[in-house]
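This report concerns only the one structure given below.
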Amino acid sequence: MTTMTASRTLTSRDSILHAFESFRDELDDFNDRRERLIKSSRDITNLSKKLIFLLHRTVTEDAAEADDRVLGLRAAARARGKLEEIQSLFAAMRPELTGDRFWHHQRNISPGLQEYIEALSFAHYLEHRTLISYDQVQATLSDPDGTPFFTLPLEDYLLGLSDLTGELMRFAIAAIPRRGGRQKASDVCTFVRACKADFEALTPHSKELRKKQHVTAQSLEKIEDATYAVVVRTSEYDLPPELLDDLVAQTLSRAADLSSFGEDTRRKRRIDSMYDEDEA
């Protein structure tokens, strides 16, 4: 009887140890996968930020080009290579996110996904002057047969678009000194105002979107302040639009020189050197 009891105890002990070893292996696998996805998400974030800088630089580097369509197409063409590089990273994530794994690790890849959507939507806006749709973003996260790498969460799509308004603010203000920039800034202002109004209806369903609406409101206010100031100042002069554009450019250039003391030049050199290293 004692021998049978001891045997049962050993069997029970072995089964418990085996169960805990399985739990250990499962947790180790989960944590290893989590670390790999976080690293990939950070790589995607970095590449997306570089892509956004590239887009800004492309649309501002040619001061003689007044055709926005040409600049937009040029920016979109330069962006394709980096977009494909980012999309290849998402494709490499696919085996890690099969089944329910995606929802287990959504928070780990969400920052990179939002940054990618911000860069993608900015490139799309420069080329088409429209907001990229959910289906269009999902299509970029699919294989050539149209099978998605994973289902794009609606909240990440909305948060990425919300971040786009900050880039549009920088784009609009940078455009003001250029020929035709006053009208471009006004168009961007109208576009961002419409985006903010549309996002407002969705804030009850997303806490994070509600937080980002505050930043969107600040971006819109900066565009409006810059646009309205230029309109008021230029209304004081009875000059042709081309001469007004030159006057605005000269005024803003002098103001920038007095306020920055060369900081913008140093920043531009840092950005240029970063892209030179990246393209090498």
Give the minimum heavy-atom separation between [X] and [Y], together with the two atoms involved.
X	Y	answer
F149	D143	CE2-N, 3.6 Å
C189	L220	O-CD1, 3.7 Å
A217	K196	CB-CE, 3.5 Å
L168	Y125	CD2-CD2, 3.5 Å
L37	L97	CD1-CD2, 3.7 Å

- [ ] Identify whether the distance between the nearest side-chain nitrogen and carboxylate oxygen of D32 and R36 falls below 4.0 Å.
- [x] no
Indicate yes or no: at least one non-hydrogen side-chain atom of [X] is less than 4.5 angstrom from one of [Y].
X	Y	result
L120	L83	yes
R94	F150	no
E224	R193	yes

Task: R107, CZ atom: more than 12 neighbouring heavy atoms under 6.0 Å - done: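 It does not: R107 CZ has 12 such atoms or fewer within range.
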- [ ] Could you tell me whether Q136 atom CD has more than 12 heavy atoms of other residues or ligands within 6.0 Å of it?
- [x]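 Enclosed: over 12 neighbouring heavy atoms sit under 6.0 Å from CD of Q136.
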- [ ] Would you please indicate yes or no on a ring centroid separation below 6.0 angstrom for Y157 and Y134?
- [x] yes
Open item on the list: I'd like to know if the side chain of E84 pairs up with that of S88 as donor and acceptor (distance under 3.5 Å, no hydrogens or angles considered).
Closed with: no
Open item on the list: For Q183 and D187, which I'm curious about, is there any donor-acceptor pair between the side chains at under 3.5 Å?
Closed with: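 Indeed, the side chains of Q183 and D187 share at least one donor-acceptor pair under 3.5 Å.
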Keeping the roles fixed (side chain from [X], backbone from [Y]), state whether a donor-acceptor pair exists under 3.5 Å.
X	Y	result
Q138	L152	yes
S162	L158	no
S206	T203	no
T165	L161	no
T58	L54	yes
R170	G166	yes
Q213	E208	no

Open item on the list: Would you say L113 ends up clustered with L202 if hydrophobic residues are merged whenever their side chains have heavy atoms under 4.5 Å apart, either directly or through other cluster members?
Closed with: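 Per the 4.5 Å side-chain linkage, L202 and L113 are co-clustered.
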